Amino acid sequence: MTFSNDSQLDPGRASGGGGRGLAVGGGLGGTLLLLVVGLLFGPDAVEQLTGGTGQGSTTQGSPEEEFAHCRTGEDANRYTDCRMIATAQSLDQFWEEYLPSTTGEQYVQPGLRLFQGRTDTGCGAASSAVGPFYCPADGTAYLDVGFFEQLQAQFGAEGGPLAEEYVLAHEFGHHIQHQIGTLGYAQQDPQGPESGAVRVELQADCLAGLWAGHAAGDTSGAVDLEAITPAQLGQALDAAEVIGDDRIQQTTQGRVTPEAFTHGTSRQRQVWFYTGYETGDLNRCDTFRAADLDNPAAAF
């Protein structure tokens, strides 16, 4: 999705150092994307995985200074870091209204940190190698904007604005799960094709789809998203496919090991995102009731 040019961005919505949409260091961290590292493996997991190492710093000044170039929808459509800020604002607009109306839970804005190289988190020190992730200990989504070029270069992702926005919407989905009490299932049952971890990830994909379906064409807030085109929807579905456990395992180790799944297959990630997008119904995102994760409609 693209933002209308008259959208008003808040540079203070993010912290950290992202750069003007430039390709920076980063990676995918071994055989799979660790999108909720702190949750799945404990508060010190990120530091253990990266050794607390990495190049770069978290920020060079205040958010208003760091992201001073992020002011309008035109900036969001031009620079990746500005797009992430605008996406966060759009997600805030959506969840501030939708969450209390459907659950009675008041939405609490998560933090957003855009960084280069390494950063400190409530879940430990992190480097770009772990990919985007949400840390429940400090209620913050972390993302190195160079991750998107890594997806294209290493895994053949198509890319595109909605593909990038989907990734952040997924991380905000984990924050919503933290609020409604489903995030902890990943710790209780951390891997396998039917595991709690997989169900948590697929629900976050569905929540990302909810936002995409509702936010497109909404002109009621400071940031406005234009209607989604079929090509843009295809880009988001392509991103979901690229970060499926089976696709990542096949690419990185030459074989698929379902017993090590933590995020779901490419097909599952696509169908659950599309379920949220098409139905607009939080109740249809109940992956924990689904007997067949390949077929969301079968659970209802």
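Being a predicted model, the structure only gives us computed values, none of them experimental.
For D246 and T265, the side-chain atoms include no donor-acceptor pair closer than 3.5 Å. For T262 and Q191, the side-chain atoms include no donor-acceptor pair closer than 3.5 Å. Side-chain atoms of S90 and W211 form a donor-acceptor pair, as typed in the model, at a separation below 3.5 Å. Side chain to side chain, Y79 and H69 fail the donor-acceptor criterion of an N or O pair below 3.5 Å. Residues D138 and Y142 bring a donor and an acceptor atom of their side chains to less than 3.5 Å of each other. In the model, D205 has no side-chain atom that pairs as donor or acceptor with a side-chain atom of H263 under 3.5 Å.
No side-chain heavy atom of R284 sits under 4.5 Å from any side-chain heavy atom of P296. Taking 4.5 Å as the limit, some side-chain heavy atom of T229 sits within range of a side-chain heavy atom of Q232. The shortest side-chain heavy-atom distance between Q8 and Q89 does not fall under the 4.5 Å cut-off. Within the 4.5 Å cutoff, the side chain of F115 has heavy atoms near those of the S128 side chain.
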Under the side chain to side chain donor-acceptor pair (under 3.5 Å) criterion, do S7 and D224 qualify, and how do the steps go? CA-CA 6 Å; S7 293; D224 302 330; 4.7 Å; no
Could you walk me through whether R199 and D189 pass the salt bridge (Lys or Arg N to Asp or Glu O under 4.0 Å) check? CA-CA 10 Å; R199 293 174 188 272; D189 184 15; over 6 Å; no
Under the ring-ring contact (aromatic ring centres under 6.0 Å, His included) criterion, do H178 and H174 qualify, and how do the steps go? CA-CA 6 Å; H178 190 40; H174 286 313; over 10 Å; no
Step by step, would you call F3 with D75 a side-chain contact (heavy atoms from CB on, under 4.5 Å)? CA-CA 9 Å; F3 291 89; D75 299 325; over 6 Å; no
Apply side chain to side chain donor-acceptor pair (under 3.5 Å) to the pair H214 and E97, showing each step before the final yes or no. CA-CA 11 Å; H214 281 271; E97 179 177 345; over 6 Å; no
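Closest of all the heavy-atom pairs between L162 and A236 is CG-CB, 3.7 Å. In this structure, C135 and G122 approach most closely via the heavy-atom pair SG-C, 3.6 Å. Contact between W272 and L293 at its shortest, heavy atoms only, is NE1-O, 2.9 Å.
With Y166 as the fixed residue, the side-chain contact (heavy atoms from CB on, under 4.5 Å) test singles out one of R269, E171, Q235: R269.
More than 12 heavy atoms of other shown residues, nucleotides or ligands fall within 6.0 angstrom of atom CD in Q109. Counting non-hydrogen atoms of other residues, nucleotides and ligands closer than 6.0 Å to OH of Y185 gives a total of 12 or fewer.
Taking the six-membered ring where the residue is Trp, F94 and Y98 present parallel rings, their angle staying beneath 30° rather than reaching 60°.
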